[in-house]
Engineer: 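Just dropping this structure here.
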Amino acid sequence: KPDGPEVVKAPAGSPSEIPPVDESWHPIAARWYVSLAESGQSQFYEPSDWAMAVLLAEAMSRNLKSGRFSAQLLQTVLSGMTDLLTSEGARRRARIELERESGAEDAKETDRRALMDSYRKAAGTPEA
């Protein structure tokens, strides 16, 4: 049983169209924004989440285009990205696991595990 108070449930909002990429955005911000629609966690996004993503992409773009990069703005953008579950760590904390189709992905996972085991062995730590 999860720690904390019981979850309060409400009906989801109506599905909305994903707002288009602003052509004036910095290429890195535009790539990040496009990647959201391709990512599994976006199935949980409400219209307000997409509005937040637009704001974050705009902030990221302005920061990347400015002559003076703001570390504080970067931290704010990274915090917003966490709220949108864009990292593995954020998804784990929210208890969301994205599953891949088996087959080719199973072979990739085996290769990744072998690589990680070789890193652990080189570092002198036990294998998982």
Side-chain angles (χ1 to χ4, degrees):
K1 191 172 186 179
D3 297 335
E6 191 172 318
V7 174
V8 176
K9 296 183 180 181
S14 59
S16 67
E17 287 188 30
I18 299 168
V21 171
D22 186 324
E23 298 297 324
S24 69
W25 286 344
H26 188 279
I28 292 173
R31 268 195 312 268
W32 172 78
Y33 183 80
V34 168
S35 76
L36 293 177
E38 299 169 355
S39 299
Q41 77 274 3
S42 67
Q43 67 182 312
F44 300 109
Y45 288 3
E46 291 286 315
S48 57
D49 297 312
W50 285 111
M52 178 192 220
V54 167
L55 177 62
L56 291 172
E58 179 67 27
M60 185 187 323
S61 181
R62 288 183 186 191
N63 201 19
L64 290 166
K65 287 180 172 183
S66 76
R68 188 166 176 242
F69 193 83
S70 168
Q72 185 175 7
L73 182 55
L74 174 62
Q75 185 56 48
T76 302
V77 168
L78 291 173
S79 177
M81 288 176 165
T82 297
D83 290 345
L84 290 174
L85 305 172
T86 61
S87 71
E88 180 70 19
R91 290 188 293 274
R92 285 181 188 225
R93 286 187 293 280
R95 296 187 171 121
I96 293 174
E97 184 176 338
L98 302 177
E99 295 179 342
R100 304 210 185 277
E101 293 181 26
S102 59
E105 289 299 320
D106 289 341
K108 287 181 183 178
E109 182 62 25
T110 300
D111 291 344
R112 277 186 230 136
R113 286 182 189 200
L115 181 61
M116 290 305 296
D117 287 342
S118 70
Y119 289 154
R120 286 186 191 97
K121 185 176 180 180
T125 58
E127 292 183 14

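These values consider heavy atoms only, across backbone and side chains, with no hydrogens, waters or symmetry-generated copies.
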Engineer: Heavy-atom count check: over 12 atoms from other residues, nucleotides or ligands less than 6.0 Å from Arg91 CZ?
Structural biologist: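 Count over threshold, so yes.
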Engineer: Find out whether Leu84 and Gln41 are in side-chain contact, i.e. whether some heavy atom of one side chain is under 4.5 Å from a heavy atom of the other.
Structural biologist: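 Not touching, per the 4.5 Å side-chain cut-off.
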Engineer: Nearest 0.5 angstrom please: Trp32 CH2 to Ser39 OG, how far?
Structural biologist: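 Here the interatomic distance stands at 10.0 Å.
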Engineer: Does any non-hydrogen side-chain atom of Leu85 lie less than 4.5 Å from one of Ile96?
Structural biologist: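 Yes - at least one pair of side-chain heavy atoms lies under 4.5 Å apart.
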Engineer: From Ser61 OG over to Leu56 CG, what is the distance, rounded to the nearest 0.5 angstrom?
Structural biologist: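 Output value for this atom pair is 12.0 Å.
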Engineer: Taking salt bridge (charged side-chain N to carboxylate O under 4.0 Å, His left out) as the definition, give me every residue that meets it alongside Arg93, ordered by chain and number, with sequence neighbours left out.
Structural biologist: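 Arg93: no salt bridge (charged side-chain N to carboxylate O under 4.0 Å, His left out) contacts found.
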Engineer: Provide the closest heavy-atom pair for Ala57 versus Ala29 in the form atom of the first, atom of the second, distance.
Structural biologist: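 What the structure gives for the nearest pair is O-CB, 3.5 Å.
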Engineer: Test of understanding: clusters of I, L, V, M, F, W, Y form through side-chain heavy atoms closer than 4.5 Å, transitively. Do Val34 and Met81 belong to the same one?
Structural biologist: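 Yes; Met81 is reachable from Val34 via cluster members.
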Engineer: Evaluate the side-chain proximity of Tyr33 to Val54: yes if any heavy-atom separation is below 4.5 Å, no if none is.
Structural biologist: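 Counting from C-beta outward, Val54 and Tyr33 do come under 4.5 Å.
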Engineer: Please check if Met52 and Ile28 belong to a single hydrophobic cluster, counting links between Ile, Leu, Val, Met, Phe, Trp and Tyr side chain heavy atoms closer than 4.5 Å.
Structural biologist: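 Yes, because Met52 and Ile28 connect within a single hydrophobic cluster, where side-chain heavy atoms sit under 4.5 Å apart.
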Engineer: Mind listing the closest non-hydrogen atom pair of Phe69 and Ser66 along with its distance?
Structural biologist: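 Heavy-atom minimum between the residues: N-OG, 3.9 Å.
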Engineer: Can you tell me if Thr76 uses its side chain to pair, donor with acceptor, with the backbone of Gln72 under 3.5 Å?
Structural biologist: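 Yes: the side chain of Thr76 pairs with the backbone of Gln72.
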Engineer: Does any non-hydrogen side-chain atom of Leu36 lie less than 4.5 Å from one of Trp50?
Structural biologist: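 Yes, at least one pair of side-chain atoms sits under 4.5 Å.
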Engineer: Of the non-hydrogen atoms in Thr82 and Thr86, which two are nearest, and what is the gap between them?
Structural biologist: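 For Thr82 and Thr86, the tightest heavy-atom pair comes out as N-OG1, 4.3 Å.
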Engineer: Among residues at least two apart in sequence or on other chains, which ones pass side-chain hydrogen bond (donor to acceptor under 3.5 Å, both in side chains) with Arg31?
Structural biologist: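 Arg31: no side-chain hydrogen bond (donor to acceptor under 3.5 Å, both in side chains) contacts found.
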Engineer: Please say yes or no: joined through hydrophobic side-chain contacts below 4.5 Å, possibly via intermediate residues, are Leu55 and Tyr45 part of one cluster?
Structural biologist: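 No, because Leu55 and Tyr45 fall into different hydrophobic clusters, even though each may have its own neighbours under 4.5 Å.
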Engineer: Are there more than 12 heavy atoms of other residues, nucleotides or ligands under 6.0 Å from atom CD of Gln43?
Structural biologist: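 More than 12 within 6.0 Å, yes.
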Engineer: Kindly say whether Glu46 contributes a backbone atom to a donor-acceptor pair with the side chain of Asp49 at under 3.5 angstrom?
Structural biologist: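 Here the side-chain-to-backbone pair exists.
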